[in-house]
Amino acid sequence: MQPQKIQKYLRIYRDGLLKDNIPFWQERAPDRKRGGFFTFLDRKGAVYGTDKPVWIMGRAAWLFARLYNAVEKRPEWVKLAEGGIDFLEKHCFDSDGRMFFMVTRSGKPLRKRQYLFSETFCAIAFAEYAIASGRAEYAVKAENLFRLILRYHNTPGLLRPKTIPGTRRMKGHSMPMILLATAQVLRRAGDKDIYRATIDDTVFQLERHFLKPEFKALLESVGPRGEFLDEPAGRVINPGHAIETSWFLMEEARFRSDKKLLALALKILDWSLEWGWDHKYGGIFYYRDCRNRPCEQYEHDMKLWWPHNEAIYATLLAHFLTGDTKYATWHTRIHDWAYRRFPDRKYGEWFGYLHRDGTVSSTCKGNAWKGMFHVPRMLLNCWKLLEEAATADKKLSTLNFQR
């Protein structure tokens, strides 16, 4: 990528983060009276619901701590992270050590799911806050919560399965993916053997169980040993999810200077871009069927914000790790399509939900699923990668660097 183009994108991502995205959320999301964060925000940023999704609380606390650690040591950012963590600790843990999925504004439990995503995002918030605050006890809390996550995930019967095991046993791509990403963050607060072992196991599962060369796809659900299930639920491809996994693996490849792992990540990225890209209208489909049969998900052809966020960073990272111009081409294609449609030029931040043709489906800026995470994480990661590229003494394709 030419230096002038690096500088162009660097400004877009840096300014998008610091002048648009973070001010939008920082002004509106913190609940100054009850603690935690609001996430149900309309187009202008007004609160239209006060219930608090716990995984969004964890993501927001992580984000503000990450900004403090990676951008600038602004006291307000670490204070916001602390406020989010205080709300999580006071209100969001159940008596079994697990966490709720949704609580009221004041923190009364509303809903608890069989998934472990509330716990994973709280764990990364604890770890990032440990670094920002210098409070080592939060690195310990992060590790303890991670061990609890693994116990619930790996012990049959502790969590209610989605299907009746005696009839059909299935496992999902989402857990190895999120365990990989969580371990990578926790490792920054203090490396432990358990993080390396977990990452090794997730890489094995992703490559040997979920990746299907016969379809050139990473599937969302398989049997317990990677068996292909020729039913709608077993044929699902979520291109954005797979692309997100690809850049987690790319980051691990450059952490380890592992070219074999990089090759795996690039294979997943290449296949997922081909499955995901809509050649008629542009943008990335939400779901596909690996046999090109009808998808059961009614939103399958919508264009959501987060797959495009993940693809923008994944293609940019792939380009700088390999020097391959095809990834720069993909990055430009996805960036241009997304930036023509998702950013709200009038009120700030990004729309989250588009129809297939790229027109806006919903004007909300936040809900139980969209909050302070995918957009700012993408902007921060792209900015810092381009900053690194602009100041590098040698080509980044060598893998001889770490963050």
Going by the rule ring-ring contact (aromatic ring centres under 6.0 Å, His included), which residues pair with F215 if we only count those two or more places apart in sequence or in a different chain?
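F215 satisfies ring-ring contact (aromatic ring centres under 6.0 Å, His included) with F228 once adjacent residues are dropped.
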Which residues satisfy the ring-ring contact (aromatic ring centres under 6.0 Å, His included) test with F87, sequence neighbours excluded?
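H91.
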Using 30° and 60° as the class limits, which term best fits the ring planes of Y9 and Y13: parallel, tilted or perpendicular?
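Correct class here is parallel.
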Tell me whether the rings of Y339 and H335 are parallel (<30°), tilted (30 to 60°) or perpendicular (>60°).
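Y339 and H335: parallel rings.
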Please determine if [X] forms a cation-pi arrangement with [Y], meaning its NZ or CZ atom is less than 6.0 Å from the six-membered ring centre and no more than 45° off the ring axis.
X	Y	value
K370	W305	yes
R66	W62	no
R356	Y281	no
R187	Y195	no

Of the non-hydrogen atoms in [X] and [Y], which two are nearest, and what is the gap between them?
X	Y	answer
G234	L219	O-CD1, 3.6 Å
A125	I85	O-CD1, 3.6 Å
V222	H209	CG1-O, 3.6 Å
S118	F100	OG-O, 3.0 Å
T39	G371	OG1-CA, 3.8 Å
V54	M102	CG2-N, 4.1 Å

Check whether the side chains of Y152 and Q114 place a donor and an acceptor atom closer than 3.5 Å, and report yes or no.
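There is no such pair between these side chains.
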Do Y327 and D270 pair up side chain to side chain, a donor and an acceptor below 3.5 Å, judged on atom types alone?
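Note: Y327 and D270 side chains meet the donor-acceptor criterion.
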Between [X] and [Y], does any side-chain N to carboxylate O distance fall below 4.0 Å?
X	Y	result
R43	E349	no
K112	D94	yes
E76	K79	no
K303	D278	yes
E274	R288	no
R256	E252	yes
D357	K280	no
R235	E231	no

Other residues, nucleotides, ligands: >12 heavy atoms within 6.0 Å of R169 CZ:
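For R169, atom CZ is not crowded (no more than 12 foreign heavy atoms under 6.0 Å).
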Counting only heavy atoms not in D193, do more than 12 fall under 6.0 Å of its CG?
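Not buried by this count: 12 neighbours or fewer within 6.0 Å.
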Compute the ring centroids of Y48 and F40, then answer whether they are less than 6.0 Å apart.
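Centroid distance Y48-F40: below 6.0 Å, so yes.
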Close aromatic pair by centroid cut-off 6.0 Å: H374 and W350:
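When the ring centroids of H374 and W350 are compared, they turn out to be at least 6.0 Å apart.
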Do any pairs count as a side-chain hydrogen bond (donor to acceptor under 3.5 Å, both in side chains) and have a residue in residues 211-228, sequence neighbours left out, and if so which ones?
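Only H173-E220, E220-H241 qualify under side-chain hydrogen bond (donor to acceptor under 3.5 Å, both in side chains).
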Before you tell me yes or no, could you show the steps for Y129 and N69 under side-chain hydrogen bond (donor to acceptor under 3.5 Å, both in side chains), namely the whole-Å CA-CA distance, both residues' side-chain angles and the distance that decides it to 0.1 Å?
CA-CA 9 Å; Y129 178 68; N69 291 331; over 6 Å; no
Identified side-chain contact (heavy atoms from CB on, under 4.5 Å) partner of E299 from the options Y287, F285, Y353:
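Filter result, single survivor: Y287.
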Only one of T202, D200, D201 passes side-chain contact (heavy atoms from CB on, under 4.5 Å) with L180; say which it is.
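That would be T202.
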Output, in order, the C-alpha distance, side-chain angles, deciding distance and verdict of side-chain hydrogen bond (donor to acceptor under 3.5 Å, both in side chains) for Q26 and W77.
CA-CA 9 Å; Q26 188 170 329; W77 284 342; 2.9 Å; yes
Would you sort out whether R377 and E244 count as a salt bridge (charged side-chain N to carboxylate O under 4.0 Å, His left out), showing the intermediate values?
CA-CA 12 Å; R377 184 178 68 172; E244 187 176 11; 2.7 Å; yes
What distance separates Q184 CD from R196 CZ, expressed to the nearest 0.5 Å?
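The CZ atom of R196 is 11.5 Å from CD of Q184, to the nearest 0.5 Å.
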Contacts of A29 that satisfy side chain to side chain contact (heavy atoms under 4.5 Å, CB included) - sequence neighbours left out
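Per chain and number, A29 pairs via side chain to side chain contact (heavy atoms under 4.5 Å, CB included) with W25, F37, M372.
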Residues which pass side chain to side chain contact (heavy atoms under 4.5 Å, CB included) with D15, listed by chain and number, not counting sequence neighbours:
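Residues passing side chain to side chain contact (heavy atoms under 4.5 Å, CB included) with D15: R11, K19.
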Using only atom types and a distance under 3.5 Å, with no angle test, would you say the side chain of T120 pairs donor to acceptor with the backbone of F117?
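A pair under 3.5 Å: yes.
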Kindly list each side-chain donor-acceptor pair under 3.5 angstrom involving residues 103-111, sequence neighbours excluded, with atom names and distances?
unit_1, atom_1, unit_2, atom_2, d
T104, OG1, S106, N, 3.4
T104, OG1, S106, OG, 3.3
T104, OG1, G107, N, 3.3
T104, OG1, K108, N, 3.0
R105, NE, D31, OD2, 2.8
R105, NH2, D31, OD1, 3.0

Start with the C-alpha distance between Q297 and Y286, add both sets of side-chain angles, then the distance that settles side-chain hydrogen bond (donor to acceptor under 3.5 Å, both in side chains), and finish with yes or no.
CA-CA 9 Å; Q297 297 84 2; Y286 199 19; over 6 Å; no
